[in-house]
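Heads up, the thing below is written out as structure tokens.
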Amino acid sequence: MMKRIVLTICVAGALLSCHTGTPQLGKADVKDVVAAMTLEEKVELLIGTGMGGVSGDSAVVGETRNIVPGAAGTTYPIPRLGIPAIVLADGPAGLRIQPKREGDTETYYCTAFPVATLLASTWNTALVENVGKAIGKEVLEYGVDVLLAPAMNIHRNPLCGRNFEYYSEDPLLSGKIAAAMVKGVQSNGVGTSIKHFVANNQETNRMNNDALVSGRALREIYYRGFEIAVKESHPWTIMTSYNKINGVYTSEDRALLTDILRSEWGYKGTVMTDWFGGKNPPAQVHAGNDLLMPGTAKQYETILAAAKSGELAMEDIDVNVTRVLNLILDTPRFKGYAYSNKPDLKAHATVTRESATEGMVLLKNEKNALPFTADVKSVAAFGITSYEFIAGGTGSGDVNEAYTISLKEGLANAGYRFSTSLADVYEKHIAAENKKNAPDPTNPLAMFLPRTRAAEIVPTAAQLSKSIAESDIALVTFGRNSGEFADRELKDFELSSVERDLLKAVCTAYHAAGKRVVVVLNIGGVIETASWKEMPDAILLAWQAGQEGGNSVADVLKGAVNPSGKLPMTFPVNYMDAASSANFPYDYVAGTPVFMPNQTEEKAEKVRNVDYTRYEEGIYVGYRYFDTYDKAVSYPFGYGLSYTTFAGEDLQVTKQGDAYVAKLTVKNTGNVDGKTVAQLYVSAPKGKLEKPAKELKAFVKTRVLQPGQSQTVELHFAASDLASYDEDTAAWIVEQGNYAVRVGTSSRDIWQTTDITIDN
Ligand code: BGC
């Protein structure tokens, strides 16, 4: 035995000195590699290799465009120690790389999957994990090591420009869906980066904004989803957010990154900044923000100087270097994976088409207007978005896909005919508008921003009567797009007067002719619905459904798929009804967005909601506010119709150790096959801390149930899930007393309620 050990050490020793006599990563112990590094090499490893064209001269060896063009960044290679550069690329709806390369006839398209909000609307963790598997496969086969996703900030306000990249207003739903995505992507042996940690809830002045948030709201709302994802799925990396929280940049906050994330939650992975985030590189290193991305020459110099002067401890540097090396060790690039550059895009098109249908939410369906009956043969498609479908949002959350199926194409593929006279009017109008609105080729930011879309039109009376003659049903599609760098404006939340006139004209004319009107919403975030929802017969919230969007919508309209999506956020009646709207820059008129606004000096005079934002609503985000204060809403959290109906029966909760198991029988009481979601909310007794009227504590998606068929579902939660964070004692407390356990099909549609008692 002794001999064998000695022999192993000899072999390791031989490998240790292969070629150069210096320890090689993967062959020698990581600590020996760290010990062999010069200070300069350590600092290089802590910052990325720069972003060509943006971080100037720091774009150095191993620059991203030479490895995987269009990826967001790379780490610094140190060949003498066997340390390769690894590649990091966006994003939440699929891999974002450049589809074409200079002097290369091959294409490198990726699949545009549905946006995060749609995936959360499925409430189906198995489905999301499967989408993650497909995304991760593209990451692996295109030679990328870490996907900069999922993004999982809370939908604090309907107008946040990046809500489409995020999951929900509820931290449990966000955390569980994010964990499923991480598991799926990472099952390919590539990494993820859950982002943006944390409280990046507005784009306006995102690099300087100071989020002023109570400790309780941070713990219960903003951290909570990240905590779930960290504990359940072990993401390889976490990306800190741009903003400050209570005066400190998150990337410079040691209490957040070391005490809470690592010591309390047990996180073992690497932390990186968002691109150019934070201002004080030595403070970032000390905080435990291991990697500064994409890396600038100035960061390198500042860290080196701080290390030399002793302002920054060598130990801080070594801890972070060790974590970056451990990350590199796990990557396909380090392991020498021979990627094909040929993921199965055809198979993934099927994954996106099918997953998108499950996240679409049927908001209204009067007199079973949907699915189309057999006598619907021809469709009139109104609204420019029917012809120019939006696959996903813009910015780093955008994907370079080969095609997007429009609603018109999807319906044609499903065998429907069209009102061709109407299609002709729209197509000519759109072509002319697009010519006029062509993006400015001299603006480097243009590729990141939503392009100006063709103006909506109202058909003339003559066009309308022609289209009525040519069609059995009318679709009116409304579209919205947004992305990073800017929040949405109030006018984006409302329908424009032209959109209203269009809807009114179509509804009046089609209803007079005894024909129905269906609205399709191709949007990334919440819009106003209360004032117009009475007009059409049905409303399908299709979200931004990825590159197969038109086919997915057609599958639902036709009834090939029965919608089972449920809202992951509340649709308020008015924008100002949301508690956070009192402190959100909805009326801020942004100038032209700039790439690195954090290069500016601190302003002496701070502007409310721009330089700082008070989260006065505390824990009362979304339904926690609307349901506690009994506010009318247009559609509640968790809501979504089906082509069938369901009932929940026989709720029973049993205690098993510290855990509770609620069992409920869900029955399909209607006429067609369908799935639904059982949502478990808990209402706490009165105690020391104020509590929302109810909070989501568990959920489960049923399998497909045939008419009359039942499934007994189990919903699990622990006593600790009922705790609230007491700022006085800096501790989680579970109040004693009776808790109502309510299981239903939205926060406002409860099937059954029972009680549990906690007496510690
Ligand atoms: C975004 C991140 C993204 C990064 C790299 C930043 O502008 O905020 O979400 O991962 O760019 O592209």
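For ligands, and for the atoms within them, numbers begin at 1 and follow the listed sequence.
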Check your understanding: Ser396 heavy atoms, cut-off 4.0 Å: which ligand 1 atoms fall inside?
Key -> 1 (C), 2 (C), 3 (C), 9 (O), 12 (O)

Point to revise | Options Asn200, Asp90, Thr273, ranked by nearest heavy atom to atom 3 (C) of ligand 1, top entry | key: Asp90

Practice item. State the CZ-OH distance between Arg488 and Tyr575, to the nearest 0.5 angstrom. Key: 9.5 Å

Check your understanding: Counting heavy atoms only, which part of Arg206 comes closer than 4.0 Å to ligand 1: side chain, backbone, both or neither?
Key -> side chain

Study note, to complete from the structure: Restricting to heavy atoms, the pick from Met293, His196, Arg162, Glu484 nearest atom 7 (O) of ligand 1 would be Glu484

Exercise for review: Show which atoms of ligand 1 fall inside a sub-4.0 Å distance from at least one heavy-atom site of Lys195.
Suggested key: 2 (C), 3 (C), 9 (O), 10 (O)

Check your understanding: salt bridge (Lys or Arg N to Asp or Glu O under 4.0 Å) with Lys100: which residues, sequence neighbours excluded?
Key -> none

Review point. With atoms numbered from 1 as shown, which atoms in ligand 1 lie under 4.0 angstrom from a non-hydrogen atom of Ala72?
Key: 5 (C), 12 (O)

Check your understanding: Which atoms of ligand 1 sit under 4.0 Å from any heavy atom of Asp274?
Key -> 1 (C), 2 (C), 3 (C), 4 (C), 6 (C), 8 (O), 11 (O)

**Study point:** Cation-pi geometry met for Lys606 and Tyr612 (6.0 Å, 45°)
**Key:** no

**Study point:** Side-chain donor-acceptor pair present, Tyr586, Glu489, cut-off under 3.5 Å
**Key:** no

Check your understanding: Parallel under 30°, tilted from 30 to 60°, perpendicular over 60°: which one fits the rings of Phe197 and Tyr223?
Key -> tilted

Review point. What do you reckon, does Tyr242 put a non-hydrogen atom under 4.0 Å from ligand 1?
Key: yes

Exercise for review: Measure from NZ or CZ of Arg101 to the centre of the six-membered ring of Tyr108, then state whether that distance is under 6.0 Å and the direction lies within 45° of the axis.
Suggested key: yes

Review point. For Met239, is the nearest heavy atom under 4.0 Å from an atom of ligand 1?
Key: yes

Review point. Ion pair present between Arg206 and Glu203, side-chain N to carboxylate O less than 4.0 angstrom?
Key: yes

